[in-house]
J.: 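Quick one: structure below, then a few questions.
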Amino acid sequence: MADKFLASESLEDFLSDLMQIGTLHGPTINRQGVLSFNPVSSISDLNLDYHRTLLPPKKYLLPPRQETLHFESAIGYSLPASPTERTVLFGLHACDLASIAYLDRVFLEDRSDPIYQSRRSRLVLVGISCKPDEFCFCGELGIESSSVPYDLFLAKGEGGFIVLQGSQLGAEIIAGLTNLTEITRLAGKTAVAAETAAHIDRAVQRHETFDDSPLWDDFARRCLSCGACSLCCPTCYCLDVREYGALDGQTATRIQEWDNCLFKAHGEVTGGINFRKTRRERFRYRFLHKYYGFGPLRGVISCVGCGRCREVCPVRIDLLELFCEQRN
């Protein structure tokens with residue numbers, strides 16, 4: 001069976017074709033000097049040899065702050081306008097594609113979130129292969145192009161990219177491109193979970209929560225409760241909902257914004273009661289959610305091995321130490 005091949009010198013034409021489908025976004029350096037997904041106007045803007053962006057692509061599906069409901073006394077309640085244009089998200093690594101698949105399960109299974117669904121339906125996912133560094137381990141979790149959802153995926157090869165289609169939309173896009181050539185399909189690599197994943201999987205199957213580990217006290221002592229690990233995590237989706245009534249008494253808005261389970265206020269409820277008063281409790285809560293899941297996704301590991309939390313933590317806390325401790 002033949003695959004499609006995109007020569008490196010044709011990449012700019014390929015991106016121009018993608019721009020005809022929707023607004024092109026990819027990994028670039030923003031004005032603050034931070035690597036993140038931003039609008040792309042030229043191939044020179046892109047950084048395709050990156051390891052990871054600071055903020056994950058979940059911002060396209062769950063913006064840090066968004067209006068979810070509007071009220072006017074004259075017309076009643078109304079949802080925000082749905083996006084009309086497609087966004088082509090180019091240069092996603094396999095771990096970030098896996099994170100979008102997880103968020104799809106959270107917000108589209110069971111009872112679908114209409115705002116999330118609207119944003120997701122207008123998003124075109126174009127992945128690209130990467131090289132791991134000392135922080136990430138998605139390959140050890142068996143996460144690669146053969147195991148994640150995408151519309152198109154560019155696997156780096158000599159002199160260019162093998163272009164894989166992962167959806168009907170991807171097939172339609174490929175059919176309309178003229179800068180691809182056919183090559184004989186190479187033998188596919190099967191995603192195999194390596195040592196790190198094997199230890200995580202065994203611990204999860206035993207429901208090992210490391211209750212007696214001294215690491216919990218060590219983590220709590222060192223943790224600054226800055227929330228950086230949750231903020232940059234591609235599968236964290238804690239949200240807060242606030243309602244603001246206007247002074248005219250006729251209009252109001254409901255706002256949804258990112259929350260963080262490491263913040264002390266996250267577990268606070270009316271009456272001053274806090275379900276997770278201490279850092280130790282908050283840290284364990286995040287660990288349990290990340291590796292054991294809650295509700296309909298109980299037992300589903302949401303860590304995709306992107307390495308963001310390990311890299312950004314100012315005091316170098318690493319949850320994998322728990323699994324390594326248990327192994328040793």
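Since we're looking at a predicted model, the values are computed, not measured.
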J.: Roughly how far, to the nearest 0.5 Å, is OH of Y50 from CG of L48?
T.: 8.5 Å

J.: Applying salt bridge (charged side-chain N to carboxylate O under 4.0 Å, His left out), can you list everything that pairs with R120, at least two apart in sequence or on another chain?
T.: D104

J.: Step by step, would you call D110 with R105 a salt bridge (Lys or Arg N to Asp or Glu O under 4.0 Å)?
T.: CA-CA 8 Å; D110 194 16; R105 295 188 65 179; over 6 Å; no

J.: Return the CG to CD1 distance between L180 and I162, rounded to the nearest 0.5 Å.
T.: 12.0 Å

J.: Between the side chains of R122 and T87, does any donor sit under 3.5 Å from an acceptor?
T.: no

J.: Take the angle between the ring planes of Y237 and F107 and call it parallel below 30°, perpendicular above 60°, tilted in between.
T.: perpendicular

J.: List in chain and number order the residues that pass side-chain contact (heavy atoms from CB on, under 4.5 Å) with V315, two or more places apart in sequence or in another chain; answer none if no residue qualifies.
T.: R222, L224, C313, I317

J.: For F323 and Y291, I'd like to know if the aromatic rings sit close, meaning centre-to-centre distance below 6.0 Å.
T.: yes

J.: With a 4.0 Å cut-off on N to O distance, would you call R242 and D240 a salt bridge?
T.: yes

J.: Taking it one step at a time, do H207 and Y292 satisfy ring-ring contact (aromatic ring centres under 6.0 Å, His included)?
T.: CA-CA 8 Å; H207 203 72; Y292 295 92; 4.9 Å; yes

J.: Quick one: side chain to side chain donor-acceptor pair (under 3.5 Å) pairs with a partner in residues 267-279, sequence neighbours left out?
T.: S225-R279, H266-R276, T278-E281

J.: Does a donor on one side chain sit under 3.5 Å from an acceptor on the other, for T253 and E67?
T.: no

J.: Measure centre to centre between the rings of H289 and F294, then say whether the value is under 6.0 Å.
T.: yes

J.: When rounded to the nearest 0.5 angstrom, what is the spacing between CH2 in W216 and OG1 in T209?
T.: 8.0 Å

J.: List in chain and number order the residues that pass salt bridge (charged side-chain N to carboxylate O under 4.0 Å, His left out) with R254, two or more places apart in sequence or in another chain; answer none if no residue qualifies.
T.: E243

J.: What I want to check is whether the side chains of K59 and S36 have a donor and an acceptor closer together than 3.5 Å.
T.: no

J.: What residue pairs, at least two apart or across chains, pass side chain to side chain donor-acceptor pair (under 3.5 Å) with a residue in residues 76-85?
T.: T23-E85, S82-S118

J.: Does anything in residues 33-58 form a salt bridge (charged side-chain N to carboxylate O under 4.0 Å, His left out)? List the pairs, not counting sequence neighbours.
T.: D49-K156, R52-D133, R52-E311

